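Reviewing the structure listed below.
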Amino acid sequence: MSAVAGIAAAGVCFAVGGASAGTVSGSLYRDPSSAVVRWVAANPGDSRAAVIRDKIASQPQARWFANFNPSTVQSEVSGFVGAANAAQQIPVLAVYEITNRDCGGASAGGAPDLNQYQTWVSNFARGLGNQTVLIILETDSLALQTCLSGAELNARNQAISTATQTIKSANPNAKVYLDGGHSTWNSASETANRLRAAGVQYADGFFTNVSNYNSTSSEANFGRSVISALNGMGISGKRQVIDTSRNGGASGDWCGDDNTDRRIGQYPTTNTGDSNIDAYLWVKPPGEADGCRYTAGSFQPDLAYSLANGAPNPPTTAPPTTTPPTTTPPTTTPPTTTPPTTPPNSSPPAGDGCYAEVALNQWAGGFTANVTVTAGKSDINGWTVTVNLPAGTAVTGTWNAQATGTTGSVRFTNVSYNGRILGRQSTTFGFQGTGTGPGVLAACVTG
């Protein structure tokens, strides 16, 4: 089951309201330089772009670390995690570097040997900072073992156990999940045995359904059986995360490159309402190929459109009801971004109308801006926010809004699903750019 995903740079978030029933609570982090976001920005006239933008590019997805790059992985992780920390949101990192990954299949690769794997993991862990991160550790590594001898299997189990402890030692707030396959692969008891052999007692739990299509309910039932089996082994307190990136349609053969009856599933959130499940995540980025018809990990707009077309719109978000917690900077490599700042914004309307607040996340040469649009005392049906950009600044990507212009005075207009805002309620959109972010008023008008 090939799982490799494309590699992308760092960015900002998608906010999710409410608290989790598990051990993780908070907004997940959206990468504004992911393959799908870059495609949408480069193809605004494509007939598929609006659907892909609104239902896929708007969402937080995992960033995959799948290249053997021990000399640079620390800085790459630090930049990605630092940007998420600055936005006070939770990044999801998928580690896919185990030796002999995918048993030589379409996503073959990984570290040359397990000693070099541990070096890579140690460098990876040094970039994680000290705030909450979600780590999807080695998809298929435990569920797919047919190519391993007994000695190789023992060595892999030890490597994963050591990697888990290395990550947790570097960042005690890291949530690490091991490979649980999925509900139509190995049995729950066999999965629990494999998790125990690989050191799940040191991890926070396990993940299921990565790159697959089984329903969320089936995965949740499977997860409860795995947890029960682990409890019977004396391993308690473990939780599940489920990949819902493409399980909203038919099930069947895992490879999505040749199927048109698939759909994106539940949108990513830590608010699962299930005490056994920490998060529903998009680990496998929708639209990235499995290696059946296209190169594994390559973004294919026809696949993305097939997954998104006909799927429900993502939820809009309400304004936070509590003040975000204050955080201390990481004790490891400092983040490459500065904390978000809120420049002056238009004043809340005394009566009807709308106003906009901009949270800026600036780094050398670029920025992301998260904009909250709030209605006055009455409901509104449609809004436009105008942002005046400094000279030399240009918008390179937008999510949850349509942009008119890229420099100077840029207008952002609602998309189909977030134009209506109830009185005193909010929605959000964002944009990425080069240069210095906006430090001037963001004006909002209705209609």
Side-chain angles (χ1 to χ4, degrees), residues 1-8 31 33-43 45-59 61-68 94 96-98 100-110 136 138-141 143-144 146-147 179 181-185 207-215 218-219 242-265 268 281-311:
M1 186 172 77
S2 305
V4 69
I7 303 300
D31 182 354
S33 295
S34 65
V36 62
V37 172
R38 294 196 307 269
W39 183 87
V40 168
N43 298 274
D46 192 291
S47 61
R48 301 164 294 184
V51 169
I52 294 173
R53 177 196 65 215
D54 293 350
K55 298 181 180 180
I56 295 180
S58 66
Q59 299 304 300
Q61 304 167 28
R63 178 174 178 186
W64 286 66
F65 291 81
N67 294 328
F68 184 68
Y96 198 51
E97 201 56 61
I98 195 71
N100 197 16
R101 73 180 182 212
D102 200 34
C103 278
S107 297
I136 305 300
E138 303 299 354
T139 295
D140 293 346
S141 62
L144 179 62
T146 53
C147 61
D179 176 34
H182 57 74
S183 60
T184 56
W185 200 345
F207 58 86
T208 69
N209 212 43
V210 172
S211 295
N212 217 277
Y213 304 90
N214 298 310
S215 69
S218 294
E219 292 303 298
I242 300 174
D243 186 351
T244 60
S245 61
R246 49 190 193 175
N247 71 344
S251 61
D253 180 62
W254 69 268
C255 192
D257 294 17
D258 301 308
N259 293 297
T260 58
D261 57 349
R262 313 299 190 191
R263 293 291 181 272
I264 51 176
L281 303 176
W282 283 7
V283 180
K284 175 72 174 183
E288 294 195 7
D290 295 312
C292 303
R293 191 191 342 164
Y294 306 105
T295 301
S298 63
F299 177 76
Q300 301 294 333
D302 60 327
L303 298 181
Y305 182 76
S306 178
L307 286 167
N309 191 36

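Quick caveat: nothing in here was measured; it's all calculated off a predicted structure.
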Are the side chain of [X] and the backbone N or O of [Y] linked by a donor-acceptor pair below 3.5 Å?
X    : Y    : value
D179 : D140 : yes
T244 : G265 : no
R101 : E138 : no
R263 : G310 : no
R246 : S211 : yes

Heavy-atom closest pair, residues [X] and [Y]:
X    : Y    : value
F68  : G110 : CB-O, 4.4 Å
C147 : N100 : SG-ND2, 3.5 Å
V40  : A57  : CG2-CB, 4.2 Å
Q59  : P268 : OE1-CD, 3.6 Å
P286 : F299 : O-CE1, 3.9 Å
I98  : S141 : CG2-CB, 4.4 Å

Distance (rounded to the nearest 0.5 Å) between [X] [atom1] and [Y] [atom2]:
X    : Y    : atom1 : atom2 : answer
R48  : L303 : CZ    : CG    : 10.0 Å
D302 : N309 : CG    : CG    : 12.5 Å
I56  : W282 : CD1   : CH2   : 6.0 Å
R63  : S33  : CZ    : OG    : 9.0 Å
I136 : D243 : CD1   : CG    : 8.0 Å

Would you check if [X] and [Y] make a side-chain contact, meaning some heavy-atom pair closer than 4.5 Å?
X    : Y    : value
V36  : Q61  : yes
K284 : D290 : yes
C103 : T146 : yes
Y96  : V210 : no
V51  : Y305 : yes
N209 : N212 : yes

S47: partners by side-chain contact (heavy atoms from CB on, under 4.5 Å), with sequence neighbours left out: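 Per chain and number, S47 pairs via side-chain contact (heavy atoms from CB on, under 4.5 Å) with no residue.
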
Listed partners of N43 passing side-chain contact (heavy atoms from CB on, under 4.5 Å), at least two apart: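 Listed in chain order: W39, D46.
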
Listed partners of E97 passing side-chain hydrogen bond (donor to acceptor under 3.5 Å, both in side chains), at least two apart: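 Not a single residue meets the side-chain hydrogen bond (donor to acceptor under 3.5 Å, both in side chains) criterion with E97.
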
Under the side-chain hydrogen bond (donor to acceptor under 3.5 Å, both in side chains) test, residues paired with T208 that sit two or more places apart: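 By the side-chain hydrogen bond (donor to acceptor under 3.5 Å, both in side chains) rule, T208 matches E219, Q240.
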
